[in-house]
Amino acid sequence: DGDKVQAARRPELALQRLGARRIDLADGWSGRASTQAAKVSAGWADPTTGETVNTTTMALALSSARPREVTATVEASRMMLRQADRAEGLVRELIGLATLEEGERASVAGTGKNGQPLGLLEVGRIGVLQRQPVAATLPTWAELTAGMQRALNTPGCRLRSTGWLLPQADWDDYASLQRPGGNPALVEGPEGWTMAGRPVEFSEHLPSGRAIAGAFDECEMTYQGIPQLLVNPYTRSNQSVIRISVFDYMDFTVRRPQFLCLIGA
């Protein structure tokens, strides 16, 4: 069932909770959608001269999305599929967990090689993100807010679109981090964690000592069509094992990476 496959195959990622956009392309789309490095200007026409005076200029960095195939496979015994009351739900749950994990990894740490998307860390490594160095192994409050300010200083970056991505490995350090005045930096609310009033997500794929701050709505998760389900009862038939695979097309891109800052690089 297409709806069941889609529900299992495309769980929400941490970057989406920070504002990353999801784009769904129809079947039949091919090739690559690109925005080459350029500037976009806006201004007002002078009523006396008819000339337009540009008052806003925004730079667009390279953004490119193309179909990249990702596969999740579950192997289950025929007996389990026949006897388990929740066999179908269990298989969908396992596939969902596998694709969630791989989607999280690829969007943050994807290398751009061997068919993978180019994740945020690699985008930062090639020098497109803003950079905020730190003096020690863990960013201080001043260094964290300075990194956010670097992103906000980029024309067009809006505070309401910003957030923080922090390493899961540094959870205990951030839990004890304090702002000036002795108040906790990390605050838990009904909708999750915040820092300086902006939403926070933690990633196990972000190395310890680093953080990413800025407008995550510049990140885009691009999908094509609906996931395809393939059931293979033949490859391991002598072991009574059925291989169930889901294939999907997705990519991760950043439209204006200068709206994000890599802290601790």
Side-chain angles (χ1 to χ4, degrees), residues 9-25 29-37 60-73 95-134 137 139 147 151 163-170 201-225 227-228 245-265:
R9 181 59 192 87
R10 292 175 176 169
E12 184 181 57
L13 305 182
L15 293 186
Q16 289 176 277
R17 292 191 292 275
L18 287 173
R21 307 180 188 197
R22 171 172 166 166
I23 298 175
D24 291 285
L25 301 172
W29 182 86
S30 62
R32 181 184 300 214
S34 300
T35 301
Q36 299 296 334
L60 294 179
L62 179 65
S63 178
S64 175
R66 64 182 182 183
R68 298 176 185 270
E69 188 175 68
V70 60
T71 305
T73 299
I95 289 176
L97 288 172
T99 53
L100 171 63
E101 173 62 21
E102 183 54 24
E104 297 279 15
R105 188 202 64 79
S107 60
V108 175
T111 63
K113 302 175 181 178
N114 302 319
Q116 297 180 35
L118 195 69
L120 275 177
L121 284 174
E122 190 66 15
V123 173
R125 191 192 68 80
I126 62 179
V128 187
L129 299 187
Q130 303 274 6
R131 305 291 284 270
Q132 172 64 41
V134 299
T137 56
W164 308 86
L165 185 68
L166 304 178
Q168 190 166 297
D170 294 339
E201 287 288 337
F202 287 87
S203 172
E204 63 178 306
H205 304 292
L206 193 62
S208 175
R210 295 190 180 184
I212 298 176
F216 286 90
D217 62 353
E218 292 299 317
C219 301
E220 295 178 344
M221 309 298 303
T222 304
Y223 296 95
Q224 181 183 0
Q228 296 177 324
S245 301
V246 171
F247 303 87
D248 200 9
Y249 284 120
M250 67 162 289
D251 199 5
F252 173 80
T253 56
V254 187
R255 291 190 308 167
R256 288 177 288 190
Q258 65 269 33
F259 281 21
L260 292 160
C261 181
L262 180 60
I263 303 169

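Just so we're clear, the structure is a prediction, and the values are computed from it rather than from any experiment.
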Student check: side-chain heavy atoms of Met221 and Phe252 closer than 4.5 Å: yes
Between CD on residue Gln224 and CG on residue Asp251, distance to nearest 0.5 Å: 11.0 Å
Quick one: do Glu220 and Arg21 make a salt bridge, cutoff under 4.0 Å? no
Atom CZ of Phe202 and atom CH2 of Trp164: how far apart are they, to the nearest 0.5 Å? 11.5 Å
Run the numbers on Leu15 and Leu120 for side chain to side chain contact (heavy atoms under 4.5 Å, CB included), then give the verdict. CA-CA 10 Å; Leu15 293 186; Leu120 275 177; 3.9 Å; yes
The reported gap from OG in Ser107 to CD in Glu102 (rounded to nearest 0.5 angstrom) is 9.5 Å
Please confirm whether the backbone N or O of Gly110 pairs with a side-chain atom of Gln116, one donor and one acceptor, at under 3.5 Å? no
Can you tell me how far the CG atom of Asp24 sits from the OG1 atom of Thr222, to the nearest 0.5 Å? 9.0 Å
Can any side-chain N or O of Gln16 pair as donor or acceptor with the backbone N or O of Arg22 at less than 3.5 Å? no
Do Asp170 and Ser208 have a side chain donor and acceptor closer than 3.5 Å? yes
Under 3.5 Å: donor-acceptor pair, side chain of Asp248, backbone of Val70: no
Taking Leu118 as the fixed residue, which of Thr253, Val123, Val254 is the one that meets the side chain to side chain contact (heavy atoms under 4.5 Å, CB included) rule? Val123
May I ask you to test the Ile212-Ser203 pair for a side-chain heavy-atom distance under 4.5 Å? no
Which distance, rounded to the nearest 0.5 Å, do you find between the CD1 of Ile263 and the CD of Gln130? 11.0 Å
Are the side chains of Lys113 and Glu122 in contact, using a 4.5 Å heavy-atom criterion? no
Quick check for you: to the nearest 0.5 Å, what is the distance between Ile23 atom CD1 and Met250 atom CE? 11.5 Å
Keeping Glu218 on the side-chain end and Ala215 on the backbone end, is there a donor-acceptor pair under 3.5 Å? no
Between Val246 and Thr99, does a side chain to side chain contact (heavy atoms under 4.5 Å, CB included) hold up when you go through it step by step? CA-CA 9 Å; Val246 171; Thr99 53; 5.8 Å; no
Leu166 versus Ala211, closest heavy-atom pair with distance: CD2-CB, 3.6 Å
Quick one: closest heavy-atom pair of Ala151 and Ala213, and the distance? CB-O, 4.1 Å
Looking at Gly124, is its backbone amide N or carbonyl O close enough to the side chain of Arg131 to form a donor-acceptor pair, meaning the two atoms are under 3.5 Å apart? yes
Any side-chain heavy-atom pair of Leu121 and Pro207 under 4.5 Å: yes
